[in-house]
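Numbers here are sequence positions counted from 1.
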Amino acid sequence: MEKKELLYEGKGKRLFKTDDENLLVSEFKDDLTAFNAQKRGNEEGKGALNCKISTQLFHLLEKTGIKTHLVKTLDDSSQLIKKVQIIPLEVVVRNIATGSLTKRLGIEDGKKLPFALVEFYYKDDDLNDPLVNDEHCLMMDLVKSETDLEELKRLGREINSTLKGFFEKRGLNLVDFKVEFGIDKEGNILLADEISPDSCRFWDAETNEKLDKDRFRQGLGDVKVAYEEILRRILEK
Ligand code: UDP
């Protein structure tokens with residue numbers, strides 16, 4: 001497999017074409033951004049940590065029957081992935097209220113939610129990724145059908161229940177996370193993008209210490225130390 005020209009560069013990753021039109025190389029970057037890239041930073045080694053964390057979590061989810069775009073890891077910070085058409089929705093699942101949910105609805109920060117809440121955000125930087133409901137998604141043709149929307153919710157909940165239990169055993173509360181899905185050439189919905197401390201909130205179960213991107217966004221420092229701690233706990237038997 002030969003890595004070819006750059007296809008796309010996002011906030012957290014670069015995608016390269018390969019000599020196989022159905023496969024891409026995804027390279028995880030060291031850049032950190034917050035609040036729609038208004039605040040930027042860089043942590044050497046962060047890309048490699050996210051690549052390792054995301055690979056482990058995708059393998060865990062594959063074992064539970066979730067189909068993903070991951071083919072294999074190539075080196076510390078890159079993966080070979082299936083080319084998919086990304087559904088332009090961020091699927092957010094929440095167990096504990098914080099972030100935009102508390103700001104929007106005035107729910108107390110840290111409140112445990114009565115059930116896993118699934119939300120959709122329209123992926124559009126110029127619009128600041130607005131919250132959308134099912135009818136917005138259908139009206140704007142962001143998904144093919146109501147069945148696909150239901151499938152995205154089901155997948156979000158299933159991913160949550162696997163990851164929440166996995167992290168509970170490792171002394172971490174999975175507060176919330178964002179996932180993205182894509183459609184492959186056979187029309188399957190595959191889990192795509194990444195699952196990492198850039199896209200999840202992890203709070204230590206004993207101390208409530210934040211071990212994710214909020215350390216960068218809130219200027220708490222030790223970003224890489226926190227990401228290393230997440231990887232260490234994932235690798236615990
Ligand atoms: N999230 C993300 N990318 C985004 C927006 C949110 O990965 O562009 C993740 C975020 O890390 C958190 C969850 O989605 O785990 C919910 O984020 P929220 O809506 O609370 O927004 P925030 O307060 O992070 O801006």
Linked, directly or transitively: [X] and [Y] (ILVMFWY side chains, under 4.5 Å):
| X | Y | result |
| --- | --- | --- |
| L190 | I183 | no |
| I195 | V175 | no |
| V118 | Y122 | yes |
| V84 | L70 | no |
| M139 | I87 | yes |

Side chains of residues 93-102: which donor-acceptor partners sit under 3.5 Å, not counting sequence neighbours?
| unit_1 | atom_1 | unit_2 | atom_2 | d |
| --- | --- | --- | --- | --- |
| R94 | NE | E119 | OE1 | 2.9 |
| R94 | NH1 | T98 | O | 3.4 |
| R94 | NH1 | D176 | OD2 | 3.4 |
| R94 | NH2 | S100 | OG | 3.1 |
| R94 | NH2 | E119 | OE1 | 3.1 |
| R94 | NH2 | Y121 | OH | 3.2 |
| N95 | OD1 | N160 | ND2 | 3.0 |
| N95 | ND2 | N160 | OD1 | 2.8 |
| N95 | ND2 | L174 | O | 2.9 |
| T98 | OG1 | D109 | OD2 | 2.8 |
| S100 | OG | R104 | NH2 | 3.2 |
| S100 | OG | Y121 | OH | 3.4 |
| T102 | OG1 | G99 | O | 2.8 |

Check: [X] side chain, [Y] main-chain N or O, donor-acceptor pair, under 3.5 Å:
| X | Y | value |
| --- | --- | --- |
| D214 | R217 | no |
| K39 | F216 | yes |
| D212 | F202 | yes |

Which heavy-atom pair separates [X] from [Y] by the least distance, and what is that distance?
| X | Y | result |
| --- | --- | --- |
| D31 | K11 | CB-O, 4.0 Å |
| R157 | A116 | NE-O, 4.3 Å |
| S77 | G47 | CB-C, 4.2 Å |
| C200 | F177 | SG-CB, 3.6 Å |
| N22 | D20 | N-OD1, 2.8 Å |
| C51 | S78 | SG-N, 3.7 Å |

Can you run down the salt bridge (charged side-chain N to carboxylate O under 4.0 Å, His left out) pairs that involve residues 75-86, sequence neighbours left out, and say none if there aren't any? K52-D76
Just grab all the salt bridge (charged side-chain N to carboxylate O under 4.0 Å, His left out) pairs involving residues 177-196, residues at least two apart or on different chains. K13-D193, K13-E194, K123-E180, K178-E180, K178-D193
Among side-chain atoms of S26 and Q79, is any donor-acceptor pair under 3.5 angstrom? no
Distance only, no hydrogens: is a donor on one side chain within 3.5 Å (strictly under) of an acceptor on the other, for D198 and Y227? yes
For the pair H136 and F120, evaluate ring pair (Phe, Tyr, Trp, His ring centres under 6.0 Å) and give the outcome as yes or no after the intermediate values. CA-CA 10 Å; H136 292 121; F120 296 125; over 10 Å; no
Would a 4.5 Å heavy-atom cut-off, applied to side chains only, mark [X] and [Y] as touching?
| X | Y | answer |
| --- | --- | --- |
| V179 | S199 | no |
| F28 | S54 | yes |
| R154 | E150 | no |
| I81 | L15 | yes |
| D30 | E43 | no |

Gap separating the NZ atom of K4 from the CG atom of D19, nearest 0.5 angstrom: 6.0 Å
Apply the side chain to side chain contact (heavy atoms under 4.5 Å, CB included) test between L172 and each candidate in I234, I230, L163; give the one that qualifies. I230
In sequence, state the C-alpha distance, the side-chain angles, and the governing distance for L89 and F181, and then conclude on side-chain contact (heavy atoms from CB on, under 4.5 Å). CA-CA 8 Å; L89 286 174; F181 296 91; over 6 Å; no
Which residues share a side chain to side chain donor-acceptor pair (under 3.5 Å) with K67, sequence neighbours left out: none
Identify, with sequence neighbours excluded, every residue that meets side-chain contact (heavy atoms from CB on, under 4.5 Å) alongside E168. K164
Which ILVMFWY residues can you reach from V25 by hopping between side chains whose heavy atoms are under 4.5 Å apart? M1, L6, F16, L23, V71, L74, L80
Audit row: K29, E9, side-chain contact (heavy atoms from CB on, under 4.5 Å) steps and yes/no: CA-CA 10 Å; K29 304 199 304 186; E9 177 154 5; 2.7 Å; yes
Candidate pair H59 and Q56, rule side-chain contact (heavy atoms from CB on, under 4.5 Å), full reasoning: CA-CA 5 Å; H59 283 155; Q56 291 291 330; 5.6 Å; no
Any chance you could lay out the side-chain contact (heavy atoms from CB on, under 4.5 Å) test for R215 and E209, step after step, and finish with the verdict? CA-CA 9 Å; R215 295 203 73 81; E209 191 187 6; 3.5 Å; yes
